[in-house]
S.K.: 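Before I ask anything, here is the structure I am working with.
Chain naming here is simple, since letters A, B, ... match the order of the sequence lines and numbering starts at 1 in each.
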Amino acid sequence: MTKKKIVLLDGNSLAYRAFFALPLLTNDKGIHTNAVYGFTMMLETILDNEKPTHVLVAWDAGKTTFRHSTFTEYKGGRQKTPPELSEQFPYIRKLIEAFGIEQYELDLYEADDIIGTLSRECSEAKAEVVIISGDKDLTQLANEQTTVCITRKGITDLEKYTPQHIEEKYGIEPLQIIDMKGLMGDASDNIPGVPGIGEKTALKLLKEYGSVENVYQSIDQITAKKMKENLVTNKEQAFMSKELATIEVHAPIEVSLADLDFAGRNEEEVIQLYKELQFNSLLEKLDAPVEVQHLEEIEIQTVDEVTADMLTDTMSIHVEIDGDNYLSASILGIGLSNETNTYFVPTNVAASSAMLKEWLEDHATLKYASDSKSAYAAIARLGMELNGTDFDLMLAAYIVNPSFSTGEVAEIARSFGYHGVKSDEAVFGKGAKRSLPDAEQLAEHVARKAHAVWELYPVVSKQLEENEQQELFHELELPLAKILGKMEVTGVKTDLDVLQTIGQQLSERLALIEKDIYEMAGEKFNINSPKQLGVILFEKIGLTPIKKTKTGYSTAADVLEKLENEHEIIQHILLYRQLGKLNSTYIDGLSKEIHEDGKIHTRFQQALTQTGRLSSINPNLQNIPIRLEEGRKIRAAFIPSEPEWIMFAADYSQIELRVLAHISQDEKLIEAFKQGADIHTKTAMDVFGVSEEDVDSNMRRAAKAVNFGIVYGISDYGLSQSLNITRKEAGEFIDTYLASFPGVKQYMDDSIADAKQKGYVTTLLNRRRYLPDITSSNFNLRSFAERTAMNTPIQGTAADIIKKAMIDMDARLEKEQLQTRMLLQVHDELIFEAPVEELERLKEIVPEVMEQTLQLDVPLKVDWNHGKSWYETK
DNA sequence: AGTGACCTA
DNA sequence: CAAACTAGGTCACTT
C-alpha cells in the first residue's frame, strides 16, 4: 500500500486570500465569483501537485471560540466580512463537495485547532501531512512529517515551511513560533504581545533564551532598560498572548483520518458548477462545452456596398484590427451602429467607398468611437480621415476610473453593466491558439462592439457628468487622441547605420569584457543569468551576499556597487550589464522596429497609467538612454525625416515641483519659483540654514534628493537609500524640510485625509485615481496608498499640463501654417522635426505655448534645444 | 508566464 | 513593529 498523504486546508483563510488577491468578478446573475474562482485554482493546483490520498477543508465555526474566555478582545477590531465575499461561501462549500472533499467545523474551535489536532494524529501515525493556509501561525505545526504551505503572493504561489525552512528563515524551531507570537503579538488577531517588541527583537530574545518562560526566568540578565521594563510590566500579557497563539492539538474533533479518503471529484457536478459560475477557461480545460453566452438579439447587416441611407448624423464606430498594433496589423473591418441599425463593413468595401469616406471626413456627422486613436490611425491607412469624433469609450472609461480600463470593449462594457458583447478571447482565442473566426462570426463580433459603444454612450457620459469630468474628456483627452494618432502615423526617422556602428563597437567591447570576466571567474558561465552569476560571486568567489531575492542572491546594481572594492570582477560585470542592455534593448531592439519608410512608429497608450501620463510601446521611445554618454549616443540615430530639417526639443524645467508649489500653496516654494531661484540650492539654504554662498555641492545634491523624494511621497528609508545615509539622518532631513515648507507638509496631510474621506484623489484638471487601500489594515498596502495619494496629484497635474500644451501646440502650428511636426512626448518634453526656416519661429512659439497653456501661481519654465539629431538637442 | 535587471521622467 | 520613494517598458533567463 502506498504511503498516506493528507492535505489539510484552512477554508476561511484561503477564501479571504482568494477574495483579496483577485479583482471582483461576477457571473450573469450578478453573483460575485472571484473568491470561488481563486479557491478553485488553489484546489486544482494543490491536488495536482500533492496528489493526496486524504483531504479536509476545515472552517472556523463561529464568532465565539474558547480563546474568547481567555481574552474577550481576541480577534477584536476586525472589519466585518465584505458582503461580496459572504455571498460566495455557499458556492465555495458546494465546490468542495463537488471535488469530493470532506469539510468540517467544530463549535468553539477555529480551523487552526482542527488542523492542528488532525496533523498531530496523522504525524503520530507517520503519515505525511501538508497544511495550506494564508496564516503564518500554522507554521508552528511543522515537523518532519508535516509541511505548512503559506500563500505568498497571488493565489497559487506557496511558501513551504518545513522545520529546516523555519530554521533558515528565523533561526528557531517551529514550536518557538508560539513564543515569538507571545512576545510580538499579532495585530490581525488582536493578540497584544509585549509593546515595543517586534519580529526582530522577539527572535533575538528567543535565540538567546529559547522560550517566553526562560526569558522571564533570566529577566535580570537583560540589560536594555526600556525593553526589560516593557517585559516586566507586560508579563501577564505575554503569557496570555502565548496561550492565545497556541494551536490546540487535542480538540474534541469527531473526524478521523479514515473519514477523509479522497477518491477524486465528481466531474459532472464540477462542470455543472463551473457553468453556473461561468468559469469558462476552467471548462475548456475539462473539454466541456463552454456555455454559449446568451446575447441580446440584434440584427446585423454585412454590407457589400455603403449606401447613403446607412449613414446617419450620429453613429458609433469600431475599427477591428487583427491584433493590437493598428499601425501595422491588417484591418479586419468596420462596425457601425445607431438606434435602428448595426452594420459590418468589410475592409475592402470600406476602402473603396467614396460615400463612406465623405461621411467619415464630415465634421458635422458625429462619431462615437470605441477607441478613437486607433480608428484615426487605421482609417488613415485606408486613405481617409476621421473627423467629428464626439465620444471614445475607452478614454471615457479611463477617465471615469483609470484602474479598470483594459482597452477591451467587452470588459469596459461589463463594468458598466452591458453584456451584449463577447470578449476577444472568446472569439479569437488567445496566445498560440489565436485565430480568425469565420466571416459571419467576425462580422457579428465587430458589429456588436460598435453596438456596445452606442448603448454605453449615455451611461458613461452620465458618469463623466456626475464626476465633473466632461471638460477633461472633451477638451483634453479626446482632442489629444487625434494628435497622438497623427504623431504615431508620422513616426520618427531612424538611421540604421548609426545604430549598427554603435552596435559594432559595443559588441567588440562586450567580447573583451566577457573574456575578462570568464578569466576572473575561472570558468565560462552565463553572465546574464542572475542565478548563475550569484553562484559564481557568492559561492565560488565567496563574496558576502548583501540582499536576497525570492529566488536566490540579489545581484542588482546597487548590491554590486557595495561590493565593488571586494573584487575586480564586479566592475566588469556592471559594465557588461550596462553595455549588454544597450545592445539588446536599444541597438537590436530599435533596429527591428524600423519600418520600410525608415521610421519608427511607436504607439502612445493613452488609457493606461494610473496617473494620467502617457506610455510608449513597440518600441518604448520614452526611455531612450541619456544619463551616460555611451547610451546617449543612441539618440544620434533619431533624425529628421526630410533633408535640411532639424530636430527641436523643449522640456519643462522642474514641472513637478512647480505643480507642488501651486497645489500646496506653500508660500516659500511659490516665492522661490517666482524669483526664478535654483530650487535645489534654495532648498539647501532652508534645510541647512545657510546662505546661498555657503551651499556646497553636497548640500545641493542632498536637497535635490529631498525634492525628488517629496514629489514621490517621501519615506525616510527611500531617502536614506538614494543619499546613502542612515535612516535616522534621512528622517531628520525630512523633518527639517517639512518644517521649513509648512505648506508642503499641510498638502501631504490633506492629500491622505482627502483620499480617506472620498476614496480618491484628483489632479488640477479633475482626473481621478481611486485608492481603496488607503484604509487597509495591511501596513504595506496602506503606506503605498498614502504615498500614491501624495504623488498622483503632482504627477497627474504635470501630465494634464503637457497634454494641454500639446493641444495648444498643434493648434498653433496649424494656425501659423507651419510644416513643423510634433513627433514625441516624454512626460515633460516635446520633440519636433522642423524645416530649418521655421527654427526662429519655433524658438518663440514653443516656449510661449508651453509656458502659457495653464496659469499656475508660479511661472512655468521651458528650455529648448535643436540640432541635426535628437542627440544634438542637448 | 513570472522574475530580475535596467532604461526613462 | 515592518517594510521600505512615483510612473512606466523591454530584455534575457527560468519555470
S.K.: Looking only at side chains, do A:Glu729 and A:Thr726 share a donor and an acceptor under 3.5 Å apart?
M.R.: yes
S.K.: Do A:Ser751 and A:Arg787 have side-chain atoms, one donor and one acceptor, less than 3.5 Å apart?
M.R.: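 No donor-acceptor contact under 3.5 Å links the two side chains.
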S.K.: Given the C1' atoms of C:dC5 and B:dG2, what is the spacing between them in whole Å?
M.R.: 25 Å
S.K.: How close or far is atom C1' of C:dA3 from atom CD of A:Gln721, stated in whole angstroms?
M.R.: 12 Å
S.K.: What integer distance in Å separates A:Ile725:CD1 from C:dC5:C1'?
M.R.: 13 Å
S.K.: Looking at every strand, decide which applies to A:Ala557 at a 4.0 Å heavy-atom threshold: base, sugar-phosphate, or nothing.
M.R.: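 Touches sugar-phosphate only.
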S.K.: A:Phe832: what forms a ring pair (Phe, Tyr, Trp, His ring centres under 6.0 Å) with it, not counting sequence neighbours?
M.R.: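 With sequence neighbours excluded, A:Phe832 shows a ring pair (Phe, Tyr, Trp, His ring centres under 6.0 Å) to no residue whatsoever.
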S.K.: What contact category does A:Thr555 fall into here, base, sugar-phosphate, or nothing, at under 4.0 angstrom with non-hydrogen atoms?
M.R.: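 Here A:Thr555 touches the backbone only, sparing every base.
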S.K.: Is the NZ or CZ atom of A:Arg768 positioned over A:Tyr760's six-membered ring, under 6.0 angstrom from the centre and within 45° of the axis?
M.R.: yes
S.K.: If you look at every strand shown and take non-hydrogen atoms under 4.0 Å, does A:Gln578 touch a base, only sugar-phosphate, or nothing?
M.R.: sugar-phosphate
S.K.: A:Val826 near the nucleic acid: base, sugar-phosphate alone, or nothing, with a heavy-atom cut-off under 4.0 Å?
M.R.: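 It contacts sugar-phosphate atoms only.
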S.K.: Is the NZ or CZ atom of A:Arg603 positioned over A:Tyr326's six-membered ring, under 6.0 angstrom from the centre and within 45° of the axis?
M.R.: yes
S.K.: Separation of A:Leu183 atom CG from C:dC1 atom C1', in whole Å?
M.R.: 13 Å
S.K.: Counting the atoms with a prime plus P, OP1 and OP2 as sugar-phosphate, which does A:Ile626 contact under 4.0 Å by heavy atoms, base, sugar-phosphate, or nothing?
M.R.: sugar-phosphate
S.K.: Could you state the atom-to-atom distance from CD of A:Glu630 to C1' of B:dC7 in whole Å?
M.R.: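 From A:Glu630 CD to B:dC7 C1': 14 Å.
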S.K.: Over how many whole Å does the gap from A:Leu660 atom CG to B:dA9 atom C1' extend?
M.R.: 17 Å
S.K.: Output one letter per nucleotide in nucleotides 7-13 of chain C: B when a protein non-hydrogen atom lies under 4.0 Å from the base, S when only the sugar-phosphate is that close, - when neither is.
M.R.: BBBBSSS
S.K.: Round to a whole Å and report the spacing from OH of A:Tyr652 to C1' of B:dT8.
M.R.: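 Checked: the OH to C1' distance equals 19 Å.
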S.K.: Evaluate whether the aromatic ring of A:Tyr712 and the six-membered ring of the C:dT6 base sit under 5.5 Å apart, centre to centre, with an inclination under 30°.
M.R.: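 Yes.
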S.K.: Kindly say whether A:Val862 contributes a backbone atom to a donor-acceptor pair with the side chain of A:Glu851 at under 3.5 angstrom?
M.R.: yes
S.K.: Rounding to a whole Å, what distance do you find between A:Ile587:CD1 and B:dC7:P?
M.R.: 14 Å
S.K.: What is the separation between atom CD1 on A:Ile624 and atom P on B:dT8, rounded to the nearest whole Å?
M.R.: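 Atom CD1 in A:Ile624 sits about 9 Å away from atom P in B:dT8.
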S.K.: What nucleic acid atoms does A:Arg577 come within less than 4.0 Å of, heavy atoms only: base, sugar-phosphate, or nothing?
M.R.: sugar-phosphate
S.K.: Short question: side chain of A:Tyr652, backbone of A:Met850 - any donor-acceptor pair under 3.5 Å?
M.R.: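 Yes, because the side chain of A:Tyr652 sits within donor-acceptor range (under 3.5 Å) of the backbone of A:Met850.
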S.K.: Between C:dA3 and B:dC6, how far apart are the two C1' atoms, rounded to whole Å?
M.R.: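 After rounding to an integer number of Å, I get 23 Å for this pair.
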